[in-house]
Student: 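Right, I'll just put the structure down here and ask away after.
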Amino acid sequence: MVFVVQTVSRAASALGLAALRPALLLFGMCLLFAVANPKKAFAPGFFKDRIPRLTLAQAFLACCSALFGLSLGHAATFILNEYWKTLASCWLLMASIRNVTDVRRMVWAMAFAGFVLAYLSLYVVGISKTQGTGSYDANDIGLIMVMTVPLALLCLQTSGKVGKLVALVGLALTMMTIVKSQSRGAFIGAAVVGLMMLVFLPGVSVFKRVTVVGALIGAMTFAAPPGYWQTMNDFVSNPQSDYNWDAYSGRRNIAKRGIGYMMEYPIFGVGINNFSFAEGQISPKAKSGEVLIRWAAPHNSFVQAGAETGVLGLILWITIMVTSGGGLWRLRQRMRGWNTGTPDQRFLFLSTLFVPSAFVGFAISATFVSFAWSDQYYLLPVIVVGAFKAHQKLAGGAPAGAAPVRRRPN
């Protein structure tokens, strides 16, 4: 749990402790325990499951993109310094998550990581439209906050008094951070997630749904900087007036160029993490001979995945999200009666609603940031893998549709 919290929040970086390499040390401790206790730590044959196999295929495609892309050195440096750590963490967690208790811990770890990042952003380091926290910029933080909201609501729905209090405080911090970041992607993502919470919450009265969403909006209104709501209104009602609509270095034109890179290199793309390199080498300005060219980031995770790993890479990137979120939604159909069953059954049932909402929040907000190869993209599927394992164990002892054992209050 501590490893996941550090991986997502990067609290050590915000506090100036990055030189201690806490994530690497924690990962080493986890791996050492797993190797020393394989029967306790490893679920055998986890690569037989669909989602781990998809991530393995993605790793293979990323390596191919480095070999056949624009710059082997640039891509290989990213793989060796960053990407392999993300994949290793993902696979270790997928291999070791075994039951509903592990799934609950994973959800709490990711939610609490969001709370920690929100607190650091608001009260320690500070956050604004132009200032991030640690190694994240404001838009990155906005995306993580949007992902945190559904997971925090899941914790709120399924915890005791102390857990509910922590989740409530964390939710308030999260919503305040969303508006402080002034991220338009986070605003749209939060709006969609809020709408999903109003529509898809079984066993919760309409009054409670409206109250929760209203309280979250209230927290946003309280913390909103001057002009925030007007800026968001202008962006939604008249996107053509925004700088990103028609400027050469705006998000819209960068996305168009990124699609062009994917069409020019359709099989393996320009190479993982080579988008900025492509901007400086094969963009229209680069081909025209201009010297001063901004090596811009893609600012869109879908464009990033397609441009850097090709058409197949984009399809695979989307497939992992759809397979994960959609798989949980289908799993819910096999849980008749679980919403009023044991605490573990109810938690697992509600996770099939809240975790897909986190995927939706990620997908929407990710159209504004370069998060294709981020830890967040790979950690949500870990929860899905664990949920399927937990369902198999619980269904073996108490089949779906069994009579309710005990009802917890909403």
Side-chain angles (χ1 to χ4, degrees), residues 9 107-108 110-129 131-133 138-237 350 353-355 357-358 360-362 364-365 368 409-410:
S9 69
V107 169
W108 260 109
M110 291 193 66
F112 193 75
F115 302 161
V116 170
L117 181 59
Y119 179 82
L120 292 172
S121 300
L122 292 171
Y123 301 111
V124 179
V125 181
I127 182 174
S128 66
K129 188 175 183 179
Q131 175 188 343
T133 299
N139 289 311
D140 297 341
I141 294 171
L143 178 146
I144 297 172
M145 294 301 104
V146 172
M147 285 177 53
T148 300
V149 171
L151 301 179
L153 288 170
L154 175 57
C155 295
L156 178 65
Q157 283 284 101
T158 58
S159 299
K161 292 181 179 180
V162 175
K164 288 182 184 296
L165 179 61
V166 173
L168 281 172
V169 174
L171 274 169
L173 294 173
T174 299
M175 301 309 293
M176 292 166 65
T177 305
I178 288 176
V179 296
K180 288 291 187 181
S181 72
Q182 302 185 57
S183 169
R184 287 158 291 193
F187 173 78
I188 296 174
V192 173
V193 169
L195 183 61
M196 293 182 68
M197 296 301 100
L198 283 174
V199 177
F200 302 111
L201 277 184
V204 180
S205 67
V206 175
F207 175 77
K208 286 185 177 180
R209 300 184 202 186
V210 174
T211 300
V212 170
V213 174
L216 297 179
I217 295 175
M220 293 177 69
T221 303
F222 171 79
Y228 174 80
W229 295 108
Q230 184 61 47
T231 300
M232 297 302 118
N233 179 69
D234 293 343
F235 173 71
V236 174
S237 61
L350 290 176
L353 297 171
F354 286 102
V355 176
S357 298
V360 171
F362 174 87
I364 293 173
S365 301
F368 293 81
N410 292 328

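Throughout, residue positions are numbered sequentially from 1 according to the sequence presented. For the numbers below, each heavy atom of this structure counts, side chains included, while hydrogens, waters and symmetry mates do not.
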Student: If you compare all heavy atoms of L117 against all heavy atoms of S9, which two are closest, and at what distance to 0.1 Å?
Tutor: CD1-O, 3.6 Å

Student: Taking distance alone, no hydrogens or angles, what donor-acceptor pairs closer than 3.5 Å link side-chain atoms of residues 140-148 to residues at least two apart or in another chain?
Tutor:
from : atom 1 : to   : atom 2 : distance (Å)
D140 : OD2    : D137 : N      : 3.3
T148 : OG1    : I144 : O      : 2.7

Student: Measure the CG-CD distance between L353 and Q157 for me, rounded to the nearest 0.5 Å.
Tutor: 10.0 Å

Student: Give me the atom names and distance for the closest heavy-atom approach of M232 to S183.
Tutor: SD-O, 4.4 Å

Student: Which heavy-atom pair separates S365 from A186 by the least distance, and what is that distance?
Tutor: OG-CA, 4.0 Å

Student: What are the two closest non-hydrogen atoms of C155 and A111, and how far apart are they?
Tutor: SG-CB, 4.1 Å

Student: Are any non-hydrogen side-chain atoms of M197 and L153 less than 4.5 angstrom apart?
Tutor: yes

Student: Are there over 12 heavy-atom neighbours, none belonging to F362, within less than 6.0 Å of that residue's CZ?
Tutor: yes

Student: Taking only distance into account, with no hydrogens and no angle test, what donor-acceptor pairs under 3.5 Å do side-chain atoms of residues 220-230 form with protein atoms, sequence neighbours excluded?
Tutor:
from : atom 1 : to   : atom 2 : distance (Å)
T221 : OG1    : I217 : O      : 2.9
Q230 : NE2    : D234 : OD1    : 2.8

Student: Might you work through the side-chain contact (heavy atoms from CB on, under 4.5 Å) test for Q182 and T231, ending with a clear yes or no?
Tutor: CA-CA 9 Å; Q182 302 185 57; T231 300; 5.7 Å; no

Student: Indicate the atoms forming the closest heavy-atom contact of T158 with L350, along with that distance.
Tutor: CG2-CD1, 3.7 Å

Student: List in chain and number order the residues that pass ring-ring contact (aromatic ring centres under 6.0 Å, His included) with Y119, two or more places apart in sequence or in another chain; answer none if no residue qualifies.
Tutor: Y123

Student: Does V107 reach the side chain of F354, with side-chain heavy atoms less than 4.5 Å apart?
Tutor: no

Student: Drop me the distance from T211's OG1 to L216's CG, to the nearest 0.5 angstrom.
Tutor: 11.0 Å

Student: Are the side chains of V236 and R184 in touch, meaning some heavy atoms are under 4.5 Å apart?
Tutor: no

Student: Can you confirm whether F115 sits close enough to T174 that some side-chain heavy atom of one is under 4.5 Å from a side-chain heavy atom of the other?
Tutor: yes

Student: What is the distance from atom CG of L151 to atom CZ of F112, rounded to the nearest 0.5 Å?
Tutor: 14.5 Å

Student: If every non-hydrogen atom of A219 is compared with every non-hydrogen atom of A172, which pair is closest and at what distance?
Tutor: CB-O, 4.3 Å

